[in-house]
Amino acid sequence: MYYFIVNPISGCGRGKTVWKTIEQELARLDIEYEAFLLRYKGEAKQIAASLASLQHPFTLVAVGGDGTLNEIISGLSTYKYVTLGCIPTGSGNDFVRGLKLERDPVKALHYILQPLRVLPIKIGCVTASSNHRQTSFGVSSGIGFDAAVCNGAYHSQLKEILNLIHAGKLVYLGTALKQLISSRFTPMRLTLDDGTTLTFRKSFFAAAMNLPYEGGGFQFAPDADPSSDCFTLCIAEGISKLRILTILPLAFSGKHVGKRGVHLVTCKKAVIHTQMPLCVHTDGEIFGFYDTITFEARPERLRIIVA
């Protein structure tokens with residue numbers, strides 16, 4: 001059975017337009033399915049939680065962006081029976097970009113209906129130490145500057161306008177410049193699963209990358225591999241704000257790697273402690289403000305239709 005979770009307002013209404021095309025193709029092919037059109041934030045998580053209780057294999061299709069996918073993977077209490085397909089309609093689409101999935105809606109649907117390759121990937125889990133609150137991430141989770149950028153982009157009045165002309169990246173870039181002015185450096189301590197402790201006096205952000213991209217195309221971890229057991233931590237520290245202006249654009253092509261102050265660390269688990277509460281995001285969705293969080297993988301792998 002196919003279940004579609006559709007975010008009609010993703011991509012400034014592109015989700016609704018794409019879904020109409022998908023409906024027509026499903027009717028033409030005489031495919032049995034059930035669709036859920038989202039009405040409010042958090043509903044995708046509720047629907048996914050309900051579907052997780054099914055005791056038979058099914059295909060769940062996300063028609064939306066990274067936020068919709070984040071709600072779905074966070075709502076699924078188990079991945080035992082589910083295979084996930086993606087039809088991207090968002091502005092960032094880092095999940096689809098990182099896995100190199102098909103972007104054309106009809107072609108993506110055909111792969112979902114007749115998959116040639118299914119990839120089991122790890123899904124990240126972030127836990128806040130202060131209240132033991134948890135959530136999941138498929139793309140990345142970060143603390144500090146990158147989360148502040150996600151928070152600012154989400155509330156940006158320009159986001160809808162730029163999405164209409166397919167220039168959503170400019171929202172993140174513009175917000176990044178704004179946050180660069182107001183953000184503060186802070187001491188950060190990382191404890192890795194092998195017992196290694198890393199300390200940075202002037203950290204800017206740390207992101208646990210499951211996929212290479214976040215923030216609408218910033219390639220912070222070019223070699224991040226969701227099929228491996230490890231995340232790639234991308235840490236920026238000890239870099240002046242003026243120099244960050246020259247490094248940040250390089251991240252679109254991954255050329256920031258190797259620059260002074262940019263660190264890539266591979267680990268299965270990391271506990272991050274900062275001197276003060278900082279913004280934390282999961283797949284671009286704001287998780288809250290915390291000073292101690294833990295990144296690790298959920299015990300199950302999630303099957304993704306990739307071709």
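The structure displayed is predicted, hence computed values, not measured ones.
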[atom1] of [X]: more than 12 outside heavy atoms within 6.0 angstrom?
{"X": "Leu26", "atom1": "CG", "result": "yes"}
{"X": "Arg201", "atom1": "CZ", "result": "no"}
{"X": "Lys80", "atom1": "NZ", "result": "no"}
{"X": "Glu32", "atom1": "CD", "result": "no"}

Between the side chains of [X] and [Y], does any donor sit under 3.5 Å from an acceptor?
{"X": "Thr186", "Y": "Thr274", "answer": "no"}
{"X": "Arg298", "Y": "Ser136", "answer": "yes"}
{"X": "Glu237", "Y": "Ser203", "answer": "no"}
{"X": "Asp146", "Y": "His281", "answer": "yes"}
{"X": "Arg117", "Y": "Tyr111", "answer": "no"}
{"X": "Gln134", "Y": "Thr127", "answer": "yes"}
{"X": "His110", "Y": "Glu102", "answer": "no"}

> Would Lys122 count as a cation-pi partner of Phe231, with NZ or CZ less than 6.0 Å from the six-membered ring centre and within 45° of the ring normal?
Replying inline: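 Yes; both conditions hold, so Lys122 lies above the ring face of Phe231.
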Considering non-hydrogen atoms only, spot the tightest contact between [X] and [Y] and give its length.
{"X": "Gly238", "Y": "Arg260", "value": "O-NH1, 4.4 Å"}
{"X": "Ala44", "Y": "Ile5", "value": "CB-CG2, 4.0 Å"}
{"X": "Gln46", "Y": "Tyr40", "value": "OE1-OH, 2.9 Å"}
{"X": "Pro105", "Y": "Ile22", "value": "O-CD1, 3.5 Å"}
{"X": "Leu69", "Y": "Ala62", "value": "CD2-CB, 3.6 Å"}
{"X": "Ser227", "Y": "Leu119", "value": "CB-CD1, 4.1 Å"}

>> Between Lys20 and Glu23, is the salt bridge (Lys or Arg N to Asp or Glu O under 4.0 Å) condition met? List the steps.
In response: CA-CA 5 Å; Lys20 287 182 179 179; Glu23 275 188 311; over 6 Å; no
>> Using the rule given for ring-ring contact (aromatic ring centres under 6.0 Å, His included), can you reason through Tyr3 versus Tyr33, listing the C-alpha separation, both sets of side-chain angles and the distance that settles it, and then say yes or no?
In response: CA-CA 6 Å; Tyr3 296 97; Tyr33 70 93; 9.8 Å; no
Could you check if a side-chain atom of [X] sits within less than 4.5 angstrom of a side-chain atom of [Y], using non-hydrogen atoms only?
{"X": "Val271", "Y": "Phe295", "result": "no"}
{"X": "Cys267", "Y": "Asp194", "result": "no"}
{"X": "Tyr290", "Y": "Ile143", "result": "no"}
{"X": "Thr282", "Y": "Glu285", "result": "yes"}
{"X": "Lys255", "Y": "Gln219", "result": "no"}
{"X": "Ile73", "Y": "Tyr79", "result": "yes"}
{"X": "Leu233", "Y": "Leu190", "result": "yes"}
{"X": "Tyr2", "Y": "Phe58", "result": "no"}

> Any idea how Phe205 and Phe145 line up, ring-wise: parallel (<30°), tilted (30 to 60°), or perpendicular (>60°)?
Replying inline: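 Tilted, since the angle between the ring planes falls between 30° and 60°.
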>> Which label fits Phe185 and Phe204: parallel for a plane angle under 30°, tilted from 30 to 60°, or perpendicular past 60°?
In response: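 Rings of Phe185 and Phe204: tilted, 30 to 60°.
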Heavy-atom donor-acceptor pair, [X] side chain to [Y] backbone, under 3.5 Å:
{"X": "Asn93", "Y": "Val96", "answer": "no"}
{"X": "Asn210", "Y": "Ile123", "answer": "no"}
{"X": "Arg133", "Y": "Phe287", "answer": "yes"}
{"X": "Asp291", "Y": "Met276", "answer": "no"}
{"X": "Asn7", "Y": "Gly64", "answer": "no"}
{"X": "Glu71", "Y": "Gly42", "answer": "yes"}

Measuring from atom [atom1] of [X] to atom [atom2] of [Y], what distance do you get when rounded to the nearest 0.5 angstrom?
{"X": "Ile235", "Y": "His263", "atom1": "CD1", "atom2": "NE2", "answer": "7.0 Å"}
{"X": "Ile121", "Y": "Leu211", "atom1": "CD1", "atom2": "CG", "answer": "6.0 Å"}
{"X": "Ile31", "Y": "Met1", "atom1": "CD1", "atom2": "CE", "answer": "11.0 Å"}
{"X": "Thr59", "Y": "Arg303", "atom1": "OG1", "atom2": "CZ", "answer": "9.5 Å"}
{"X": "Ser141", "Y": "Asp283", "atom1": "OG", "atom2": "CG", "answer": "8.0 Å"}
{"X": "Asn70", "Y": "Asp66", "atom1": "CG", "atom2": "CG", "answer": "8.5 Å"}

> Who else is in Tyr213's hydrophobic cluster (ILVMFWY, side-chain heavy atoms under 4.5 Å, direct or via others)?
Replying inline: none
> Got a sec, which hydrophobics cluster with Leu264, joining ILVMFWY side chains under 4.5 Å apart, including via others?
Replying inline: Val257
Are [X] and [Y] connected in the hydrophobic side-chain network, where two residues link if heavy atoms are under 4.5 Å apart?
{"X": "Leu54", "Y": "Tyr81", "answer": "yes"}
{"X": "Val306", "Y": "Val139", "answer": "yes"}
{"X": "Leu37", "Y": "Leu60", "answer": "no"}
{"X": "Ile87", "Y": "Ile304", "answer": "no"}
{"X": "Leu248", "Y": "Ile239", "answer": "yes"}

> Taking it one step at a time, do Arg301 and Asp229 satisfy salt bridge (Lys or Arg N to Asp or Glu O under 4.0 Å)?
Replying inline: CA-CA 10 Å; Arg301 297 257 172 156; Asp229 293 329; 2.7 Å; yes
>> Does Ile305 form a side-chain contact (heavy atoms from CB on, under 4.5 Å) with Thr83? I'd like the steps, not just the answer.
In response: CA-CA 7 Å; Ile305 298 170; Thr83 300; 3.6 Å; yes
>> Could you go through Thr292 and Ile272, starting from their C-alpha distance and side-chain angles, then the distance that decides it, and tell me whether this counts as side-chain contact (heavy atoms from CB on, under 4.5 Å)?
In response: CA-CA 6 Å; Thr292 305; Ile272 297 181; over 6 Å; no
>> For Leu250 and Phe252: C-alpha separation, side-chain torsions, deciding distance, then whether side-chain contact (heavy atoms from CB on, under 4.5 Å) applies.
In response: CA-CA 5 Å; Leu250 298 178; Phe252 278 120; over 6 Å; no
>> One pair to check against side-chain contact (heavy atoms from CB on, under 4.5 Å): Arg189 and Thr197. What are the steps and the verdict?
In response: CA-CA 7 Å; Arg189 184 178 70 252; Thr197 298; 3.7 Å; yes
